[in-house]
Amino acid sequence: MLPIEYIKLIGYPNRDYVLYSDDNDYTYRLKKRGIQLFCDTKSVISDLESSWYRREKVPMFQGVFRTKMMRNALYTIRNRTYFELNNIVTSKFEYWINVVVYLMYVFVFYMPKNKLGFLRFGLILKCIKLARIGQLGELDENC
């Protein structure tokens, strides 16, 4: 619940974050404006469904190669990368070095070395590129 003054100050959540990271972006914008956020630690939230990667019971990027919810996985990767690049990264050089090193790890240890594995790895790269160029919104049918 927010006072209307806060909405006038920072606007509404960004609709271009499809499915994921809109909450991170919104609360981050509130904090950047000095608005204090409170958390009720006794509240209980029951999601109607669990996150796509929690269903796989493996690390998120390993789950990309197992999930039947591939579009959700791609939105997660694209939106998280976009949020990080535009809000919390202090050194883009260091960030991209970390991305490259982690993707090499994903390639070697998580990715199945078959046609589907290579296809999904390519989609991961595409979503990271979309984030880098600032393209949010609905993914096209090629993702």
Side-chain angles (χ1 to χ4, degrees), residues 1-2 6-143:
M1 298 191 297
L2 294 172
Y6 294 171
I7 295 171
K8 289 177 182 174
L9 183 66
I10 65 157
Y12 292 99
N14 184 343
R15 290 175 173 248
D16 291 331
Y17 281 105
V18 178
L19 290 180
Y20 302 108
S21 296
D22 55 321
D23 52 344
N24 295 335
D25 176 70
Y26 199 68
T27 55
Y28 189 78
R29 285 190 280 142
L30 287 166
K31 289 300 290 178
K32 276 177 50 175
R33 291 298 202 125
I35 297 169
Q36 191 170 7
L37 303 176
F38 297 96
C39 179
D40 179 357
T41 58
K42 293 184 176 137
S43 293
V44 177
I45 298 172
S46 298
D47 279 339
L48 295 176
E49 58 183 51
S50 64
S51 297
W52 66 270
Y53 61 90
R54 293 192 194 276
R55 293 176 185 185
E56 302 303 326
K57 296 182 171 66
V58 295
M60 185 184 74
F61 272 79
Q62 188 175 10
V64 170
F65 299 102
R66 296 182 181 192
T67 188
K68 291 182 171 99
M69 302 175 75
M70 191 60 187
R71 291 191 61 79
N72 294 54
L74 297 176
Y75 281 122
T76 299
I77 294 164
R78 194 261 330 255
N79 293 359
R80 180 177 171 175
T81 305
Y82 178 86
F83 176 78
E84 290 171 353
L85 282 169
N86 290 282
N87 293 289
I88 59 175
V89 169
T90 56
S91 168
K92 289 197 177 187
F93 176 76
E94 289 177 17
Y95 181 80
W96 288 114
I97 292 294
N98 281 305
V99 167
V100 169
V101 169
Y102 187 68
L103 287 174
M104 289 187 324
Y105 182 89
V106 169
F107 184 87
V108 172
F109 295 106
Y110 292 163
M111 186 190 90
K113 308 310 183 273
N114 57 32
K115 184 177 179 179
L116 183 60
F118 282 99
L119 173 67
R120 289 191 174 196
F121 191 79
L123 291 172
I124 291 170
L125 296 176
K126 182 176 182 179
C127 284
I128 291 171
K129 178 184 178 188
L130 291 173
R132 186 179 57 77
I133 64 174
Q135 189 172 331
L136 290 178
E138 295 279 338
L139 292 170
D140 65 29
E141 65 279 350
N142 296 321
C143 279

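For the atom pair NZ of Lys126 and CD1 of Ile124, the computed distance is 13.5 Å after rounding to the nearest 0.5 Å. The distance from atom CZ of Arg132 to atom CG of Asn86, rounded to the nearest 0.5 Å, is 12.5 Å. A distance of 11.0 Å separates OG of Ser21 from CD1 of Ile77, quoted to the nearest 0.5 Å. Once rounded to the nearest 0.5 Å, the distance linking CE of Met70 with CG of Leu139 reads 10.5 Å. The distance from atom CG of Leu125 to atom CG of Leu130, rounded to the nearest 0.5 Å, is 11.0 Å. Taking OG1 of Thr27 as the start and NZ of Lys31 as the end, the distance is 9.5 Å to the nearest 0.5 Å.
With hydrogens and angles disregarded, no donor-acceptor distance shorter than 3.5 Å links the side chain of Arg55 to the backbone of Gly63. Without hydrogens or angle criteria, Arg78 side chain to Gly137 main chain gives a donor-acceptor distance under 3.5 Å. Between the side chain of Asp22 and the backbone N or O of Pro13 there is no donor-acceptor pair closer than 3.5 Å. Under the 3.5 Å distance criterion, the side-chain polar atoms of Lys92 are left unmatched by any main-chain donor or acceptor of Thr90.
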Residue pair Val64, Leu123: steps toward the side chain to side chain contact (heavy atoms under 4.5 Å, CB included) verdict
CA-CA 10 Å; Val64 170; Leu123 291 172; over 6 Å; no
Is there a side chain to side chain contact (heavy atoms under 4.5 Å, CB included) between Ile35 and Leu2 once you walk through the steps?
CA-CA 10 Å; Ile35 297 169; Leu2 294 172; 5.5 Å; no
Could you walk me through whether Phe61 and Tyr105 pass the ring pair (Phe, Tyr, Trp, His ring centres under 6.0 Å) check?
CA-CA 10 Å; Phe61 272 79; Tyr105 182 89; over 10 Å; no
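Counting heavy atoms of neighbouring residues, nucleotides and ligands inside a 6.0 Å radius, atom NZ of Lys68 does not exceed 12 of them. Within 6.0 Å of CZ in Arg80 there are 12 or fewer heavy atoms belonging to other residues, nucleotides or ligands.
You'll find the side chain of Tyr28 stays beyond 4.5 Å of the side chain of Asn24, heavy atoms only. Two residues are said to be in side-chain contact when any heavy atoms from C-beta on lie closer than 4.5 Å; Trp96 and Val89 fail this criterion. Two residues are said to be in side-chain contact when any heavy atoms from C-beta on lie closer than 4.5 Å; Tyr95 and Thr81 meet this criterion. The shortest side-chain heavy-atom distance between Ile128 and Leu103 falls under the 4.5 Å cut-off. Side-chain contact between Arg120 and Leu116 is present, with heavy atoms from C-beta onward closer than 4.5 Å.
In terms of heavy-atom proximity, Leu136 sits nearest to Asp16 at CB-O, 3.3 Å. Shortest non-hydrogen contact noted between Asn87 and Lys32 is OD1-NZ, 4.3 Å. Shown here for Met111 and Lys113, the closest heavy-atom pair between the two residues is O-NZ, 2.7 Å. Of all non-hydrogen atoms in Glu138 and Val18, the two that sit nearest each other are N-CG2, 3.8 Å. Of all heavy-atom pairs spanning Arg66 and Val58, the tightest one is NH1-CG1, 3.1 Å. Nearest heavy-atom pair, Leu74 versus Cys127, reported as atom, atom and distance to 0.1 Å: CB-SG, 3.6 Å.
Using cut-offs of 30° and 60° on the angle between ring planes, the pair Phe65 and Phe121 is parallel.
Side-chain contact annotation: Asp25 with Tyr82, donor-acceptor N/O pair under 3.5 Å absent.
Checked against the 6.0 Å centroid criterion, the rings of Tyr17 and Tyr26 do not qualify as a close aromatic pair.
If you run side chain to side chain donor-acceptor pair (under 3.5 Å) between Trp52 and each of Asn72, Thr67, Thr76, only Thr76 comes through.
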